[in-house]
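Following: one structure in C-alpha cells, then a few remarks.
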Amino acid sequence: QVQLVESGGGLVQAGGSLRLSCAASGRTFSSYAMAWFRQAPGKEREFVGAIQWSGSVTYYADSVKGRFTISKDNVKNTVYLQMNSLQSEDTAVYYCAAKAGSVLYSREGEYEYWGQGTQVTVSS
C-alpha cells in the first residue's frame, strides 16, 4: 500500500523560505512521477510542480517557477519542495501526490496516491 507523508509546513514571513518533505513508502517508485499540489482557502487545488522519480525532469507551474524547486533523495525515498521568496499568495495546504509512469502531468486526476497535506502560512 502506497503511503505518502508530508512534513515541514509552518508559519513563515513573506520573503522567507521553507522546505517541505514527502516520505514515500509501500513500493518501488523508480517508474513513478511525484508531484506537489496546493489548496488555498476557498480555492480549488492547483498544481505546483512535479518530478520524475527515475530521472531529473521537472515541471513547474508558472506561479512558482524560479522560486520553488523540487528534488528527491532516492535512498530516503523522499521528495522535497524547496520554497523561496514566499508570498502571502503561497498560503495553502500543500499535498504530495504520486502516479505510475514517468510522464509529468499538472492535472490532479492523473495522480493515484495522495498525502494528507501540510499547512503553509505566509504572513505579510
Side-chain angles (χ1 to χ4, degrees):
Q1 179 178 346
V2 173
Q3 189 171 23
L4 304 176
V5 179
E6 303 97 333
S7 61
L11 175 64
V12 63
Q13 287 188 332
S17 299
L18 209 56
R19 189 178 80 159
L20 306 183
S21 300
C22 172
S25 61
R27 66 180 54 197
T28 301
F29 291 93
S30 57
S31 62
Y32 273 60
M34 307 294 292
W36 288 94
F37 287 78
R38 67 185 182 184
Q39 187 168 22
K43 294 187 177 181
E44 294 185 352
R45 190 153 55 185
E46 66 173 0
F47 174 76
V48 174
I51 188 169
Q52 293 178 330
W53 195 276
S54 61
S56 59
V57 176
T58 54
Y59 172 36
Y60 296 97
D62 288 343
S63 58
V64 305
K65 204 173 293 183
R67 299 189 299 124
F68 290 10
T69 303
I70 297 176
S71 61
K72 56 185 173 62
D73 185 325
N74 291 346
V75 174
K76 295 182 178 179
N77 256 19
T78 299
V79 176
Y80 303 99
L81 179 65
Q82 177 67 43
M83 304 184 293
N84 299 328
S85 302
L86 283 162
Q87 306 163 0
S88 56
E89 306 88 84
D90 297 316
T91 294
V93 176
Y94 283 72
Y95 297 90
C96 177
K99 59 172 288 291
S102 59
V103 177
L104 304 182
Y105 291 105
S106 61
R107 296 186 298 272
E108 64 173 287
E110 298 288 345
Y111 293 84
E112 306 159 71
Y113 305 102
W114 292 83
Q116 82 289 351
T118 185
Q119 176 71 48
V120 171
T121 303
V122 183
S123 63
S124 55

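Here the structure is a predicted model, which is why all the values come from computation and not from measurement.
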In Å and rounded to the nearest 0.5 Å, what is the [atom1] to [atom2] distance from [X] to [Y]?
X	Y	atom1	atom2	answer
Gln82	Ile70	CD	CD1	11.5 Å
Thr121	Leu86	OG1	CG	11.0 Å
Cys22	Lys72	SG	NZ	13.5 Å

> Side-chain contact, heavy-atom cut-off 4.5 Å: Met83 with Arg67?
Replying inline: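 Side chain of Met83 against side chain of Arg67, heavy atoms only: no contact under 4.5 Å found.
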
Under the rule for side chain to side chain contact (heavy atoms under 4.5 Å, CB included), what residues qualify as partners of [X], not counting sequence neighbours?
X	answer
Ala23	Thr78
Ser25	Gln3
Ser123	Leu11, Gln13
Ser102	Gln52

Could you note down all residue pairs passing ring pair (Phe, Tyr, Trp, His ring centres under 6.0 Å) where [range] supplies at least one of them, sequence neighbours left out?
range	value
residues 49-87	Phe29-Trp53, Phe47-Tyr59
residues 1-20	none
residues 102-124	Phe37-Tyr111, Phe37-Trp114

> Which residues pass the side-chain hydrogen bond (donor to acceptor under 3.5 Å, both in side chains) test with Gln87, sequence neighbours left out?
Replying inline: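 With sequence neighbours excluded, Gln87 shows a side-chain hydrogen bond (donor to acceptor under 3.5 Å, both in side chains) to no residue whatsoever.
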
> Are the side chain of Thr118 and the backbone of Tyr94 linked by a donor-acceptor contact shorter than 3.5 Å?
Replying inline: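 Side chain of Thr118 to backbone of Tyr94, a donor-acceptor pair under 3.5 Å: no, none is there.
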
>> Taking disulfide (SG to SG under 2.5 Å) as the cut-off, I'd like each qualifying pair that reaches into residues 46-84, sequence neighbours left out, listed once.
In response: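 The answer is none; no pair qualifies.
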
> For residues 38-90, which residue pairs qualify under disulfide (SG to SG under 2.5 Å), counting only residues two or more places apart or in two chains?
Replying inline: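 Qualifying pairs: none.
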
>> Under the criterion side-chain contact (heavy atoms from CB on, under 4.5 Å), I'd like the reasoning laid out for Asp90 against Arg38: C-alpha separation, chi angles, the key distance, then a yes or no.
In response: CA-CA 9 Å; Asp90 297 316; Arg38 67 185 182 184; 2.8 Å; yes

> What pairs meet the salt bridge (Lys or Arg N to Asp or Glu O under 4.0 Å) rule with one or both residues in residues 12-31, with sequence neighbours excluded?
Replying inline: none

> With sequence neighbours left out, which residue pairs that include part of residues 102-121 fulfil the salt bridge (Lys or Arg N to Asp or Glu O under 4.0 Å) condition?
Replying inline: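 Found Arg45-Glu108, Arg107-Glu110.
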
>> Before you tell me yes or no, could you show the steps for Leu104 and Lys99 under side-chain contact (heavy atoms from CB on, under 4.5 Å), namely the whole-Å CA-CA distance, both residues' side-chain angles and the distance that decides it to 0.1 Å?
In response: CA-CA 9 Å; Leu104 304 182; Lys99 59 172 288 291; over 6 Å; no

> In terms of heavy-atom contacts, does NZ of Lys76 have more than 12 from other residues, nucleotides or ligands at under 6.0 Å?
Replying inline: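 Atom NZ in Lys76 is not crowded, with 12 or fewer foreign heavy atoms closer than 6.0 Å.
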
> If every non-hydrogen atom of Tyr32 is compared with every non-hydrogen atom of Ala98, which pair is closest and at what distance?
Replying inline: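 In this case the closest contact between Tyr32 and Ala98 is CD2-CB, 4.2 Å.
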
